[in-house]
Amino acid sequence: MKIALGADHGGAEQKEALRAYLEGEGRQVLDFGAPANGQSVDYPDYALSVARAVAAGEADCGILICGTGIGMAIAANKVCSVHAATVTDTNAARLSRQHNDANVLCLSGRFISPETNREIVDIFLSTDFEGGRHQRRIDKITAAENRSDPL
């Protein structure tokens, strides 16, 4: 599994630790930045880079970290075929995969501990989409993404 990883200044330190953890687990990581140097950066730049890599099939999934995880999710969800979910606990991590087929995980680098985020990542990466009744809902989202006229 290839994972696209990115963060802004609010999540860069956790990104570095998470990258080392994932690589230690034998996972291939594409690191899109930002560096953990404390310099303020714009989260959409990193969110869109990761989301585009996932949408293009260059990565199987993405993980983004900013202060809250919210800005990253908003930006990443602008890329067609990306289903980015802001997740703050293990139950939501499981459900974001099982029910929503999320392919980009967005984490909080300020309000969630590195240990909890690592647990969230482990569950996200090890949980499969259930399909079934959930597929019908995902199909509706996909249809909305592909519409050329406003809803």
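Environment of CD in E13: sparse, with no more than 12 heavy atoms of neighbouring residues, nucleotides or ligands closer than 6.0 Å. Crowding of Q39 atom CD: a count of heavy atoms from other residues, nucleotides or ligands under 6.0 Å not exceeding 12.
The main-chain N or O of G10 is found under 3.5 Å from a side-chain atom of D8 such that the two form a donor-acceptor pair. When atom types are taken as modelled, the side chain of Q98 and the backbone of T127 share no donor-acceptor pair closer than 3.5 angstrom. For T68 (side chain) and S108 (main-chain N/O), no donor-acceptor pair under 3.5 Å exists by modelled atom type. Side-chain atoms of Q14 come within 3.5 Å of backbone atoms of I112 as a donor-acceptor pair (strictly under, hydrogens ignored).
Each of T86, I65, I70, I63 was scored for a side chain to side chain contact (heavy atoms under 4.5 Å, CB included) with C106, with one residue passing: T86.
Closest approach of A36 and A12 over heavy atoms only: CA-CB, 3.7 Å. Among all heavy-atom pairs drawn from A76 and A84, the shortest one is CB-CB, 3.8 Å. Counting all heavy atoms, side chain and backbone alike, I123 lies closest to A93 at CG2-CB, 4.0 Å.
Pairs of residues two or more places apart, or lying in two chains, that qualify as salt bridge (Lys or Arg N to Asp or Glu O under 4.0 Å) and include a residue from residues 78-102 are R97-D101. Counting only residues at least two apart or in different chains, salt bridge (Lys or Arg N to Asp or Glu O under 4.0 Å) contacts with residues 22-35 comprise K15-D31, R19-E23, R19-D31.
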Quiz item: Given the rule in the side chain to side chain contact (heavy atoms under 4.5 Å, CB included) test, do C61 and L105 qualify, once you have shown the distances and angles that lead to the verdict?
Solution: CA-CA 8 Å; C61 68; L105 174 64; over 6 Å; no
Exercise. Check the pair V121, L22 against side chain to side chain contact (heavy atoms under 4.5 Å, CB included), reporting the backbone distance first and the verdict last.
Key: CA-CA 9 Å; V121 166; L22 291 167; 3.9 Å; yes
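Put simply, CG on N117 and OG1 on T88 are 9.5 Å apart, with the number rounded to the nearest 0.5 Å. Within the model, atoms CD1 of I138 and CZ of R136 stand 11.0 Å from one another, a figure rounded to the nearest 0.5 Å. Annotation: the span from H83 atom NE2 to N77 atom CG amounts to 8.0 Å, rounded to 0.5 Å. Annotation: the span from N91 atom CG to I120 atom CD1 amounts to 10.0 Å, rounded to 0.5 Å. Distance CG/N103 to CZ/F124: 7.0 Å, rounded to 0.5 Å. Taken to the nearest 0.5 Å, the NE2 atom of H9 stands 9.0 Å off from the SG atom of C66.
As a member of the Ile/Leu/Val/Met/Phe/Trp/Tyr network built from side-chain separations under 4.5 Å, V104 groups with L30, F32, V41, Y43, Y46, L48, V50, V54, L64, M72, V79, V82.
Put simply, F129 and L95 are part of two different groups of oily side chains (I, L, V, M, F, W, Y) that touch within less than 4.5 Å, one to the next.
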